[in-house]
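Chain naming here is simple, since letters A, B, ... match the order of the sequence lines and numbering starts at 1 in each.
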Protein chains: 2
Amino acid sequence: MIFAVLTMTETLLEFFKAMAHESRLRMIGLLAQREHSVQELAEKLDLKEPTVSHHLAILKAQGLVTARAEGTTRWHALDRTALERMSAQVLQAPAEKLARTQPKRPEDYDTKVLRGFVRGDGTLTHMPAQRKKRGAVLRWLMRDFEEGRTYSEGEVNEAIQRHHWDSATLRRELIGHAMMARENRVYRRQPREMWKEGGEAQSPRT
Amino acid sequence: MIFAVLTMTETLLEFFKAMAHESRLRMIGLLAQREHSVQELAEKLDLKEPTVSHHLAILKAQGLVTARAEGTTRWHALDRTALERMSAQVLQAPAEKLARTQPKRPEDYDTKVLRGFVRGDGTLTHMPAQRKKRGAVLRWLMRDFEEGRTYSEGEVNEAIQRHHWDSATLRRELIGHAMMARENRVYRRQPREMWKEGGEAQSPRT
DNA sequence: GCTCTATTTAGACATATGTCGAATTAGATG
DNA sequence: CATCTAATTCGACATATGTCTAAATAGAGC
């Protein structure tokens, strides 16, 4: 499992932080009963919509809440699977491992960006709109590919789909950013120097 | 289980809050390996002693950490039982119930006091020194006794010991505060009017 | 494209929480 | 009892987080 952005401790920490607020706990309770729109939640919790949005974002980042759009309103629901998965992790959490965290190495740009789009289980909530941020996500996807071997299109798609359903678009972007190269029908990871660290993207070299 | 001061949601919330900080998570990790003194923790976590004390207090309030004195230093250890117990509760936590919390009824004096002495599992960390606060704890202990029936000394002790080992002292205090009465060898709960709410304690009526 | 509605984002402000130095307490030791 | 040490408590300050209003966005229906 090399997909997660965060270490075990960080994952747990983020999970606990997400749960450590009355409004959010109550929100989970409400969502456990049935889907709710932002407005409904705001009403029941006696908060303003923006505040509810804010809390929902935090819960979504943990994969605890999912949303489905219907017209302009969004129906939010509790993902029980995620809740159970995380709880189970808490339960097993070999307390020993918690100690191994390094004091707090300040996190780099990519990590900071990813924090906003990657759920605890390694799936993406959505793709960033900003080009720079998309870069961070793409670099992160590259963790799944080794240099020096080839991948079929199917393999590439499969790897990407562990994180996001739209493997077609992302696959193209990986090439657009010169992270992957395609020759004939075969994909190959490009050396890191070609795309490392915030550099402007090279032109596609199909 | 009528012992807890807090509702289910509140208990969970306090637990999550306790866990939702990097220093405390790391502290738990360290304590999982072996006992530590405050100094050691301060050293390993790169914090000052007062800060460590502060965090330990929070963990202790949840019953997650226990301490044993040796001379002037105190050795702190993780109570795995407590950790597992709480984790299990998280796991089962019928999310449904979370919703039932009332918005936030401001808490009364007793609750506020109890928060500082009662762990999540209903045991007392220690008895308050201040008379007024002891009153709050004693009133809380009275939850275990019904009016209109009698208790043997053994039953009284047993009930008290679910919260604190020193049943002898506490039993005497319950009588001193006119919450319980003893006739012959039989104990009986006094009507609430006799001791309700912060009133000065009546003189013992053995 | 304009307008209406639900939601989200941005920025300001308030509250809660963590951290520390200084002062205090509690136990040990002479 | 004076003194030493480990720990805790207190109070000040800094940071993090929650909440709000105002402004921006995204979809639906003209």
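In this structure, R68(B) pairs ionically with E70(B), as a charged nitrogen and a carboxylate oxygen lie closer than 4.0 Å.
Residues satisfying the salt bridge (Lys or Arg N to Asp or Glu O under 4.0 Å) test with E43(B), not counting sequence neighbours, are none. Under the rule for a salt bridge (Lys or Arg N to Asp or Glu O under 4.0 Å), the partners of R34(A) that lie at least two apart in sequence or sit in another chain are E40(A). Y151(B) meets the side chain to side chain donor-acceptor pair (under 3.5 Å) test with no other residue; sequence neighbours excluded. Under the side chain to side chain donor-acceptor pair (under 3.5 Å) criterion, E153(A) pairs with Y187(A), not counting sequence neighbours. Considering only residues two or more places apart in sequence or on other chains, T72(B) meets the side chain to side chain donor-acceptor pair (under 3.5 Å) condition with none of them. Listed by chain and number, the residues in a side chain to side chain donor-acceptor pair (under 3.5 Å) with R74(A) amount to none (sequence neighbours excluded). Remark: A77(A) engages E35(A), T66(A) in a side-chain contact (heavy atoms from CB on, under 4.5 Å) (not counting sequence neighbours).
Residue T73(A) is the one, among T73(A) and A57(A), whose nearest nucleotide of DNA chain C lies closer to the 5' end (criterion: closest heavy atom).
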Query raised in the report: In B/S/- notation, 5' to 3', how is nucleotides 23-30 of chain C contacted by protein heavy atoms closer than 4.0 Å?
Result: ----SS--
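Sorted by first and then second residue, the pairs that involve residues 22-63 of chain A and meet ring-ring contact (aromatic ring centres under 6.0 Å, His included), not counting sequence neighbours, are H21(A)-H55(A).
One axis for each end of the helix from dG1(C)-dC30(D) to dG30(C)-dC1(D), each built from five base pairs, and the angle between them comes to 30° at 10° resolution.
To the nearest angstrom, C1' of dG18(C) lies 15 Å from CG of L25(B). We find that CZ of R26(B) is positioned 15 Å from P of dG18(C), with the value rounded to whole Å. Between the CG atom of L41(A) and the P atom of dT7(C) there is a distance of 9 Å, given to the nearest Å.
Contact check, K60(B) against dT8(D): a side-chain N or O comes under 4.0 Å of OP1 or OP2.
Among the nucleotides dA6(C), dT9(D), dA6(D), the one closest to any side-chain atom of Q39(B) is dA6(D).
Between the R24(B) side chain and the L59(B) main chain, no donor and acceptor come within less than 3.5 Å of each other.
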Give each protein N/O atom lying under 3.5 Å from an N/O atom of nucleotides 14-22 of chain D, with the pair distance.
unit_1, atom_1, unit_2, atom_2, d
dT17(D), OP1, K17(A), NZ, 3.4
dG18(D), OP1, R24(A), NH1, 3.1
dG18(D), OP1, R24(A), NH2, 2.9
dG18(D), O3', H21(A), NE2, 3.4
dT19(D), OP2, H55(A), NE2, 2.3
dC20(D), OP2, K48(A), N, 3.0
dC20(D), OP2, T51(A), OG1, 2.8

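In summary, of the residues considered (V52(B), I28(B), T51(B), L47(B)), a side chain to side chain contact (heavy atoms under 4.5 Å, CB included) with S23(B) occurs for L47(B) alone.
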